[in-house]
> 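Below is the structure I would like to discuss, written out as C-alpha coordinates.
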Amino acid sequence: MSDPKTFFLDEEEIPFEEGQTIIQAALSAGKFIPHLCYHPEFKPHGSCKLCTVRIDSRTVTTEDGQTVKIPGRAAASCTTPAQAGQHVESEVPEILDLRRTLVQMLLVEGNHYCPSCEKSGKCMLQGLAYDLGVMDPHFPQYFSKREVDASHPDILLDFNRCILCELCVRASAEVDKKNVFALSGRGNTKHLICNSESGKLGDTNFAATDKAANVCPVGVILHKRHGFEVPYGQRRFDIAPISDNPEQYAPVKEQV
Ligand code: SF4
Ligand code: FES
(Lines give C-alpha, C1' and ligand atoms only; values in the text may rest on other atoms or scores of the structure.)
(Ligands and ions follow the chains in the order given, each with its own letter.)
Protein backbone atom coordinates (compact mmCIF):
# COMPACT_ATOMS: atom_id res chain seq x y z
CA MET A 1 0.00 0.00 0.00
CA SER A 2 1.35 3.42 -0.89
CA ASP A 3 1.95 5.98 1.87
CA PRO A 4 -1.02 8.21 2.58
CA LYS A 5 -0.36 11.63 1.04
CA THR A 6 -0.99 14.96 2.73
CA PHE A 7 -0.54 18.67 2.09
CA PHE A 8 -0.95 21.66 4.37
CA LEU A 9 -3.92 24.01 4.18
CA ASP A 10 -3.47 27.05 6.42
CA GLU A 11 -0.95 24.92 8.35
CA GLU A 12 -3.44 22.07 8.90
CA GLU A 13 -2.48 18.69 7.45
CA ILE A 14 -5.01 17.53 4.84
CA PRO A 15 -5.01 13.96 3.46
CA PHE A 16 -5.76 13.45 -0.21
CA GLU A 17 -6.21 10.70 -2.73
CA GLU A 18 -4.21 10.60 -5.94
CA GLY A 19 -5.96 12.70 -8.59
CA GLN A 20 -7.88 14.92 -6.16
CA THR A 21 -7.75 18.68 -6.54
CA ILE A 22 -6.99 20.93 -3.59
CA ILE A 23 -10.66 21.90 -3.12
CA GLN A 24 -11.85 18.28 -3.30
CA ALA A 25 -9.38 17.19 -0.63
CA ALA A 26 -10.15 20.23 1.54
CA LEU A 27 -13.94 19.74 1.39
CA SER A 28 -13.58 16.01 2.05
CA ALA A 29 -11.53 16.90 5.15
CA GLY A 30 -14.20 19.34 6.36
CA LYS A 31 -12.35 22.55 5.37
CA PHE A 32 -14.41 25.00 3.33
CA ILE A 33 -12.87 26.88 0.43
CA PRO A 34 -15.27 29.45 -1.11
CA HIS A 35 -16.42 28.56 -4.61
CA LEU A 36 -19.22 29.26 -7.09
CA CYS A 37 -18.51 27.42 -10.34
CA TYR A 38 -17.21 24.24 -8.66
CA HIS A 39 -19.79 21.49 -8.08
CA PRO A 40 -18.84 18.05 -6.75
CA GLU A 41 -20.73 16.26 -9.53
CA PHE A 42 -19.18 18.08 -12.48
CA LYS A 43 -15.78 18.57 -14.05
CA PRO A 44 -14.13 21.70 -12.64
CA HIS A 45 -14.41 24.76 -14.77
CA GLY A 46 -12.17 27.38 -13.17
CA SER A 47 -14.10 30.51 -14.15
CA CYS A 48 -15.26 32.26 -10.97
CA LYS A 49 -11.83 32.34 -9.26
CA LEU A 50 -13.50 32.45 -5.82
CA CYS A 51 -11.55 29.35 -4.83
CA THR A 52 -8.18 31.02 -5.42
CA VAL A 53 -5.47 30.06 -2.92
CA ARG A 54 -1.74 30.79 -2.58
CA ILE A 55 0.66 27.90 -2.96
CA ASP A 56 4.12 27.60 -1.43
CA SER A 57 4.80 31.13 -0.17
CA ARG A 58 8.30 31.47 1.29
CA THR A 59 9.81 33.49 4.08
CA VAL A 60 13.34 34.79 3.44
CA THR A 61 15.75 36.82 5.50
CA THR A 62 17.27 39.80 3.67
CA GLU A 63 20.89 40.96 4.02
CA ASP A 64 19.89 43.56 6.61
CA GLY A 65 18.19 40.88 8.72
CA GLN A 66 14.58 41.68 7.76
CA THR A 67 12.14 38.80 7.34
CA VAL A 68 10.21 39.08 4.09
CA LYS A 69 7.39 36.88 2.82
CA ILE A 70 7.60 36.02 -0.88
CA PRO A 71 4.03 35.18 -1.95
CA GLY A 72 3.61 31.82 -3.66
CA ARG A 73 1.66 31.44 -6.87
CA ALA A 74 -2.06 32.13 -6.85
CA ALA A 75 -4.10 29.26 -8.29
CA ALA A 76 -7.71 28.13 -8.55
CA SER A 77 -7.97 25.29 -6.04
CA CYS A 78 -10.71 23.59 -8.08
CA THR A 79 -8.39 22.94 -11.02
CA THR A 80 -5.06 22.53 -9.19
CA PRO A 81 -4.12 18.98 -8.20
CA ALA A 82 -3.18 18.40 -4.57
CA GLN A 83 0.49 17.56 -4.16
CA ALA A 84 2.24 15.99 -1.20
CA GLY A 85 3.91 18.49 1.09
CA GLN A 86 2.68 21.66 -0.59
CA HIS A 87 1.70 24.60 1.62
CA VAL A 88 -1.61 26.17 0.66
CA GLU A 89 -2.95 29.44 2.08
CA SER A 90 -6.69 30.13 1.91
CA GLU A 91 -7.80 32.08 4.98
CA VAL A 92 -5.15 34.81 4.71
CA PRO A 93 -5.97 38.54 4.39
CA GLU A 94 -4.77 39.04 0.79
CA ILE A 95 -6.77 36.05 -0.48
CA LEU A 96 -9.88 37.04 1.51
CA ASP A 97 -9.59 40.58 0.05
CA LEU A 98 -9.35 39.15 -3.46
CA ARG A 99 -12.47 37.04 -2.89
CA ARG A 100 -14.38 40.03 -1.50
CA THR A 101 -13.49 42.02 -4.64
CA LEU A 102 -14.64 39.18 -6.90
CA VAL A 103 -17.98 38.97 -5.06
CA GLN A 104 -18.39 42.76 -5.28
CA MET A 105 -17.75 42.65 -9.04
CA LEU A 106 -20.37 39.92 -9.48
CA LEU A 107 -22.87 41.82 -7.33
CA VAL A 108 -22.70 44.97 -9.51
CA GLU A 109 -22.54 43.19 -12.89
CA GLY A 110 -26.00 41.67 -12.44
CA ASN A 111 -29.17 42.92 -10.77
CA HIS A 112 -28.71 41.17 -7.45
CA TYR A 113 -31.50 42.88 -5.54
CA CYS A 114 -31.69 40.29 -2.79
CA PRO A 115 -34.79 41.58 -0.93
CA SER A 116 -36.98 40.73 -3.94
CA CYS A 117 -35.17 37.56 -5.05
CA GLU A 118 -36.68 34.15 -4.36
CA LYS A 119 -33.20 32.64 -3.97
CA SER A 120 -32.37 34.91 -1.01
CA GLY A 121 -31.27 32.80 1.95
CA LYS A 122 -30.19 29.87 -0.23
CA CYS A 123 -28.10 31.75 -2.83
CA MET A 124 -24.40 30.88 -2.86
CA LEU A 125 -23.35 34.37 -4.02
CA GLN A 126 -25.28 35.99 -1.17
CA GLY A 127 -24.05 33.32 1.26
CA LEU A 128 -20.42 33.98 0.31
CA ALA A 129 -20.93 37.75 0.52
CA TYR A 130 -22.14 37.34 4.11
CA ASP A 131 -19.38 34.88 4.95
CA LEU A 132 -16.64 37.13 3.55
CA GLY A 133 -18.03 40.22 5.28
CA VAL A 134 -18.88 42.11 2.08
CA MET A 135 -20.52 45.26 3.45
CA ASP A 136 -21.12 47.19 0.19
CA PRO A 137 -20.87 46.71 -3.58
CA HIS A 138 -17.89 49.14 -3.80
CA PHE A 139 -18.07 49.36 -7.63
CA PRO A 140 -20.68 51.32 -9.64
CA GLN A 141 -23.81 49.31 -10.44
CA TYR A 142 -23.99 48.13 -14.07
CA PHE A 143 -27.84 47.83 -14.14
CA SER A 144 -28.10 45.06 -16.72
CA LYS A 145 -31.22 45.02 -18.88
CA ARG A 146 -31.60 41.41 -20.03
CA GLU A 147 -35.08 40.27 -20.91
CA VAL A 148 -36.60 37.69 -18.58
CA ASP A 149 -37.69 34.44 -20.31
CA ALA A 150 -41.06 33.24 -18.99
CA SER A 151 -41.89 31.13 -22.06
CA HIS A 152 -41.54 27.74 -20.32
CA PRO A 153 -44.62 26.46 -18.45
CA ASP A 154 -42.69 25.50 -15.32
CA ILE A 155 -39.44 27.51 -15.32
CA LEU A 156 -38.64 31.21 -15.31
CA LEU A 157 -35.22 32.54 -16.35
CA ASP A 158 -33.95 35.86 -14.98
CA PHE A 159 -30.72 36.36 -16.91
CA ASN A 160 -29.95 39.54 -14.95
CA ARG A 161 -28.65 37.39 -12.09
CA CYS A 162 -26.49 35.02 -14.13
CA ILE A 163 -22.87 34.72 -12.94
CA LEU A 164 -21.82 32.66 -16.00
CA CYS A 165 -20.70 29.71 -13.90
CA GLU A 166 -21.86 27.28 -16.63
CA LEU A 167 -23.22 24.78 -14.11
CA CYS A 168 -26.52 24.60 -16.02
CA VAL A 169 -24.59 24.26 -19.28
CA ARG A 170 -22.56 21.35 -17.90
CA ALA A 171 -25.59 19.71 -16.24
CA SER A 172 -27.68 19.92 -19.41
CA ALA A 173 -24.86 18.53 -21.57
CA GLU A 174 -23.34 15.93 -19.25
CA VAL A 175 -26.32 14.67 -17.20
CA ASP A 176 -29.53 15.54 -19.06
CA LYS A 177 -27.88 15.05 -22.49
CA LYS A 178 -30.02 17.88 -23.89
CA ASN A 179 -27.60 20.79 -24.45
CA VAL A 180 -30.30 23.31 -23.62
CA PHE A 181 -27.91 26.07 -22.48
CA ALA A 182 -24.72 27.69 -23.77
CA LEU A 183 -22.77 30.88 -23.23
CA SER A 184 -22.52 33.33 -26.11
CA GLY A 185 -20.64 36.60 -26.65
CA ARG A 186 -17.43 37.96 -25.19
CA GLY A 187 -16.38 40.23 -22.35
CA ASN A 188 -19.26 42.09 -20.76
CA THR A 189 -21.64 41.01 -23.55
CA LYS A 190 -21.17 37.35 -22.59
CA HIS A 191 -24.53 35.86 -21.67
CA LEU A 192 -26.49 32.65 -21.31
CA ILE A 193 -28.57 31.51 -24.30
CA CYS A 194 -31.12 28.75 -24.86
CA ASN A 195 -30.71 26.26 -27.68
CA SER A 196 -33.90 26.67 -29.72
CA GLU A 197 -34.67 28.43 -32.97
CA SER A 198 -36.56 31.19 -31.15
CA GLY A 199 -33.96 31.32 -28.39
CA LYS A 200 -36.77 30.77 -25.88
CA LEU A 201 -36.63 28.11 -23.18
CA GLY A 202 -40.24 27.17 -23.87
CA ASP A 203 -39.22 25.94 -27.33
CA THR A 204 -36.63 23.48 -25.97
CA ASN A 205 -37.27 20.06 -24.43
CA PHE A 206 -36.21 21.36 -21.01
CA ALA A 207 -38.07 19.87 -18.00
CA ALA A 208 -38.35 21.09 -14.42
CA THR A 209 -36.99 17.71 -13.28
CA ASP A 210 -33.77 18.10 -15.32
CA LYS A 211 -30.51 18.31 -13.41
CA ALA A 212 -29.92 21.67 -15.09
CA ALA A 213 -33.14 23.01 -13.57
CA ASN A 214 -31.77 22.45 -10.10
CA VAL A 215 -28.08 23.43 -10.09
CA CYS A 216 -28.08 27.21 -10.45
CA PRO A 217 -26.25 28.61 -7.40
CA VAL A 218 -28.01 31.98 -7.77
CA GLY A 219 -31.50 33.14 -8.73
CA VAL A 220 -31.61 32.65 -12.52
CA ILE A 221 -33.40 29.31 -13.04
CA LEU A 222 -36.52 29.54 -10.92
CA HIS A 223 -39.44 27.13 -10.64
CA LYS A 224 -42.76 28.78 -11.35
CA ARG A 225 -45.49 28.53 -8.68
CA HIS A 226 -42.82 27.90 -6.03
CA GLY A 227 -41.53 30.95 -4.27
CA PHE A 228 -40.79 32.29 -0.82
CA GLU A 229 -41.93 28.99 0.69
CA VAL A 230 -39.38 28.90 3.51
CA PRO A 231 -39.87 31.50 6.26
CA TYR A 232 -37.07 33.97 7.10
CA GLY A 233 -34.82 32.45 9.73
CA GLN A 234 -35.30 28.93 8.40
CA ARG A 235 -33.71 29.30 4.95
CA ARG A 236 -30.58 27.29 4.20
CA PHE A 237 -27.99 29.96 4.99
CA ASP A 238 -30.08 31.50 7.80
CA ILE A 239 -29.61 28.27 9.71
CA ALA A 240 -25.87 27.92 9.09
CA PRO A 241 -23.38 30.05 7.17
CA ILE A 242 -22.22 28.69 3.83
CA SER A 243 -18.84 27.72 5.29
CA ASP A 244 -20.47 25.36 7.81
CA ASN A 245 -20.82 21.69 6.87
CA PRO A 246 -18.26 21.71 4.03
CA GLU A 247 -19.00 17.98 3.58
CA GLN A 248 -22.13 18.95 1.62
CA TYR A 249 -19.82 20.21 -1.15
CA ALA A 250 -17.41 17.26 -0.98
CA PRO A 251 -16.90 14.94 -3.97
CA VAL A 252 -19.68 12.43 -4.48
CA LYS A 253 -18.38 8.95 -3.67
CA GLU A 254 -18.64 6.45 -6.51
CA GLN A 255 -21.10 3.64 -5.67
CA VAL A 256 -19.33 0.25 -5.74
S1 SF4 B 1 -28.07 30.27 -15.12
FE2 SF4 B 1 -27.25 29.83 -13.09
S3 SF4 B 1 -26.17 27.86 -13.38
FE4 SF4 B 1 -26.47 28.73 -15.42
S5 SF4 B 1 -24.59 29.89 -15.88
FE6 SF4 B 1 -26.07 31.35 -15.00
S7 SF4 B 1 -25.62 31.34 -12.80
FE8 SF4 B 1 -24.65 29.52 -13.64
S1 FES C 1 -14.74 27.33 -7.91
FE2 FES C 1 -12.72 27.36 -8.67
S3 FES C 1 -12.74 28.87 -10.19
FE4 FES C 1 -14.84 28.75 -9.57
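Both counts, for ligands and for their atoms, begin at 1 and track the order of listing.
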> Check for me whether Pro217 has a heavy atom closer than 4.0 Å to any atom of ligand 1.
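The answer is yes: ligand 1 sits under 4.0 Å from a heavy atom of Pro217.
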> Going by the atom numbers of ligand 2, which of them fall below 4.0 Å from some non-hydrogen atom of Lys49?
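Selected atoms, number and element: 3 (S), 4 (Fe).
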> Please work out, at 4.0 Å between heavy atoms, whether the side chain, the backbone, both, or neither of Val215 comes within that distance of ligand 1.
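Within the 4.0 Å criterion, Val215 makes no contact with ligand 1.
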> Indicate whether the side chain of Glu109 and that of Ser144 have a donor and an acceptor atom separated by less than 3.5 Å.
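No, no side-chain donor-acceptor contact under 3.5 Å.
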> May I ask you to decide if the ring planes of His223 and His226 are parallel, tilted or perpendicular, using 30° and 60° as cut-offs?
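Judged by the thresholds at 30° and 60°, the geometry between His223 and His226 is perpendicular.
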> Would you say that more than 12 heavy atoms from the other residues, nucleotides or ligands in this model lie under 6.0 Å from the NZ of Lys224, or not?
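Atom NZ in Lys224 is packed in, count exceeds 12.
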> With a 4.0 Å cut-off, would you call Glu89 and Lys69 a salt bridge?
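Looking at Glu89 and Lys69, the cut-off is met.
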> Do Asp10 and Val88 have side chains that get closer than 4.5 Å, going by heavy atoms?
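They are not in side-chain contact.
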> Considering only heavy atoms of Cys78, which atoms of ligand 2 have at least one such atom less than 4.0 Å away?
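Listed by number with element: 1 (S), 2 (Fe), 3 (S).
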> So which bit of Ile163 gets within less than 4.0 Å of ligand 1, heavy atoms only: side chain, backbone, both or neither?
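Near ligand 1, Ile163 shows its backbone as well as its side chain.
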> Answer whether the closest heavy-atom distance between the side chains of Val103 and Leu50 falls below 4.5 Å.
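Yes, side chains in contact.
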> Which of the atoms in ligand 2, numbered in the order shown and given with their element, are less than 4.0 Å from a heavy-atom of Cys48?
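Near Cys48, the atoms of ligand 2 are 1 (S), 3 (S), 4 (Fe).
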> Do me a favour and list the nearest non-hydrogen protein atom to atom 2 (Fe) of ligand 1 with residue, atom name and distance?
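In this structure, atom 2 (Fe) of ligand 1 has Cys216 SG, 2.3 Å as its nearest protein heavy atom.
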> Which option out of Cys48, Cys168, Cys37 puts a heavy atom nearest to atom 3 (S) of ligand 1?
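Residue with the shortest heavy-atom distance to the ligand atom: Cys168.
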> Against heavy atoms of Leu192, which atoms of ligand 1 measure under 4.0 Å?
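Answer for ligand 1: 1 (S).
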> Could you tell me the residue and atom name of the protein heavy atom closest to atom 6 (Fe) of ligand 1, and the distance to it rounded to 0.1 Å?
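For atom 6 (Fe) of ligand 1, the nearest protein heavy atom is Cys162 SG, 2.3 Å.
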> As an exercise, identify every atom of ligand 2 less than 4.0 angstrom from a heavy atom of Gly46.
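That gives atoms 3 (S) of ligand 2.
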> Counting distance only, does the side-chain N/O of Asp210 pair as donor-acceptor with the main-chain N or O of Ala207 below 3.5 Å?
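Yes: the side chain of Asp210 pairs with the backbone of Ala207.
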> Can you sort out which atoms of ligand 2 are near Cys51, meaning under 4.0 Å from one of its heavy atoms?
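Per the distance check, 1 (S), 2 (Fe), 3 (S).
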> For ligand 1, which atoms, with element, lie under 4.0 Å from some heavy atom of Val218?
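Near Val218, the atoms of ligand 1 are 7 (S).
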> Check ligand 2 against His35 and write out every atom of the ligand that is under 4.0 Å from a heavy-atom position of the residue.
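Counting from 1, the qualifying ligand atoms are 1 (S).
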> Please could you name the atoms of ligand 2 that Ser47 approaches to less than 4.0 Å, counting only its heavy atoms?
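By the 4.0 Å cutoff, the relevant atoms are 3 (S).
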> Pick one of side chain, backbone, both or neither for how Glu166 approaches ligand 1, counting any non-hydrogen atom pair under 4.0 Å.
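For Glu166, the contact with ligand 1 is made by the backbone alone.
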> With ring centroids as reference points, do Phe32 and Tyr249 lie under 6.0 angstrom apart?
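Distance test on ring centres: under 6.0 Å, yes.
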> Side-chain contact, heavy-atom cut-off 4.5 Å: Leu36 with Leu125?
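Counting from C-beta outward, Leu36 and Leu125 do come under 4.5 Å.
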> What verdict does the side chain to side chain contact (heavy atoms under 4.5 Å, CB included) test give for Tyr38 and Leu27, after you've listed the backbone C-alpha separation in whole Å, the side-chain angles of each residue and the deciding distance to 0.1 Å?
CA-CA 11 Å; Tyr38 167 78; Leu27 294 170; 3.6 Å; yes
> Below 30° counts as parallel, above 60° as perpendicular, anything between as tilted: where do the rings of His87 and Phe8 land?
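Parallel, since the angle between the ring planes stays under 30°.
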> With a cut-off of 2.8 Å, does His45 put an N/O/S atom close enough to atom 4 (Fe) of ligand 2?
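It does not; every qualifying atom lies at 2.8 Å or beyond.
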> Looking only at protein heavy atoms, identify the closest one to atom 8 (Fe) of ligand 1 and say how far it is in Å.
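For atom 8 (Fe) of ligand 1, the nearest protein heavy atom comes out as Cys165 SG, 2.3 Å.
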